[in-house]
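Both ligands and their constituent atoms are indexed starting at 1 by order of listing. One-based numbering along the sequence shown.
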Amino acid sequence: MKKPLALAAIAIAAMGTMSAVSAQAQDFPSGKSITIVVPFAAGGPTDRVARDLAEALRKPLGGGTVIIDNVPGAGSSIGAAKVARATPDGYTLLLNHIAMATVPSLVRNLPFKVESDFEYLGIVNDVPMTLISKPSIPATNYKELTTWIASNKGRINIGNAGVGSASHLCGLLYQSATKTEMTAVPYKGTAPAITDLIGGQIDLLCDQTTNTTPQIQAQKVKAFAVTTPHRLTLPLLKDLPTLDEAGLKNFQVTIWHGLYAPKGTPAPVLKKLNDALKVALKDPDFIKREELLGAVVATDGRIEPAGHKQFVVGEIAKWTPIIKAAGVYAD
Ligand code: ASP
């Protein structure tokens, strides 16, 4: 007699928990602040996009606070792992870039699974990269840069934001394509890397226009090329050659950012987050801010969770053989 009663009690308790969870999901975001984890240092390009997005998300999420939590290190893997393990209630999100597609092949023993440990909320934007140097090098165009690189063999330092980061990938591919070897200097993000570039402690950096545009404009760094298949339209950067036209055939790295929640976040919460993201990405202020930094805001199917996941799966399939062929595994 006791057993069925105990089972019934468990079932009732479970139903209670489930309805509490779904009640919480219906109430979301209920005034509680939402945290977006940025897996790189404050002041860098991923941080820039996250802070602009947080501002644009505030209103569609009911006017509550959207906080940025910088959890840098290991080329984004520490911050991404933190979100993969967070309570899946919609209050902890991750804003990450192309690293979601490159860390699986660049980082051994990754502490999370990109395809199964996250809910996909949508792509946010695409951002080109620029190849920049410290201000004191004599080169003034890409051709002169290659001469300078050749005459400084074994002495060039190139910064990056850690193994698996976009700057790391771009730097590795650049060295592989030009058959050069440089010393990689890792930072917790490209904000501290660009500070050292300006100060002359490192020589080169490949970084997103969301970080480099103001520094190029202020002539604190020199810019030599862009990593996109076509030249950029931004007046300041429109004269920079693409690396492809500068002779590195098919050299293309475009950075995209996406928003993620931990796996298991309730469907109604995901729907509210995705709806808010769609509104935020149409916010004219957000679009303008991104455009001024050379970024293009995502539209249509890429803002759908399924479109976002399909895109990331495609990017993993695209980058894995390129990384393998370039022999750019990081140990
Ligand atoms: N731009 C960095 C990278 O190389 C990341 C950052 O600091 O936002 O991936």
Side-chain angles (χ1 to χ4, degrees), residues 36-54 68-83 93-107 110 114 123-133 157-175 182 184-198 202-216 221 223 225-228 243 252-260 289-290 293-295 312 315 319 323 328 330:
I36 299 180
V37 170
V38 171
F40 294 104
T46 314
D47 185 67
R48 173 75 276 136
V49 172
R51 283 175 201 270
D52 287 348
L53 183 67
I68 300 300
D69 180 18
N70 296 91
V71 185
S76 85
S77 299
I78 294 176
K82 180 175 178 178
V83 175
L93 308 176
L94 170 72
L95 191 280
N96 201 1
H97 62 23
I98 192 173
M100 292 298 268
T102 57
V103 286
S105 43
L106 275 172
V107 180
L110 199 61
V114 172
I123 298 282
V124 173
N125 64 8
D126 292 296
V127 191
M129 293 190 102
T130 42
L131 180 63
I132 57 174
S133 80
N157 294 318
I158 184 163
N160 69 49
V163 171
S165 64
S167 45
H168 177 236
L169 171 77
C170 184
L172 288 174
L173 293 176
Y174 185 72
Q175 289 170 74
M182 301 176 191
V185 183
Y187 293 84
K188 294 207 161 167
T190 42
I194 213 167
T195 303
D196 271 10
L197 188 74
I198 294 168
I202 55 170
D203 304 304
L204 288 181
L205 181 66
C206 197
D207 197 19
Q208 285 101 294
T209 55
T210 30
N211 200 31
T212 63
T213 306
Q215 312 297 356
I216 297 169
V221 297
V226 292
T227 63
T228 39
L243 282 171
Q252 276 186 40
V253 190
T254 300
I255 306 309
W256 41 269
H257 295 87
L259 193 64
Y260 306 81
R289 255 184 270 172
E290 296 304 288
L293 294 171
V312 174
E315 284 280 288
W319 284 106
I323 290 167
V328 291

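- Looking at residues two or more places apart in sequence or on another chain, you find a salt bridge (charged side-chain N to carboxylate O under 4.0 Å, His left out) between Asp47 and Arg51.
- When all heavy atoms are compared, the tightest approach of Pro39 to Ala80 is CB-N, 4.3 Å.
- Here Tyr174 contributes atom OH and Met182 contributes atom CE; the two are 6.0 Å apart, rounded to the nearest 0.5 Å.
- Considering every non-hydrogen atom in both Glu315 and Trp256, the closest pair reads OE1-NE1, 2.6 Å.
- The contact shell of ligand 1, taken as protein residues with any non-hydrogen atom closer than 4.0 angstrom, comprises Phe40, Pro45, Thr46, His97, Ala161, Ser165, Ala166, Ser167, Gly189, Thr190, Asp207, Gln208.
- Checking Ser76 against Asn96 by side-chain atom types alone, a donor-acceptor pair falls below 3.5 Å.
- Although no hydrogens or angles enter the test, the distance criterion places no donor-acceptor pair under 3.5 Å between the side chain of Asp196 and the main chain of Ile202.
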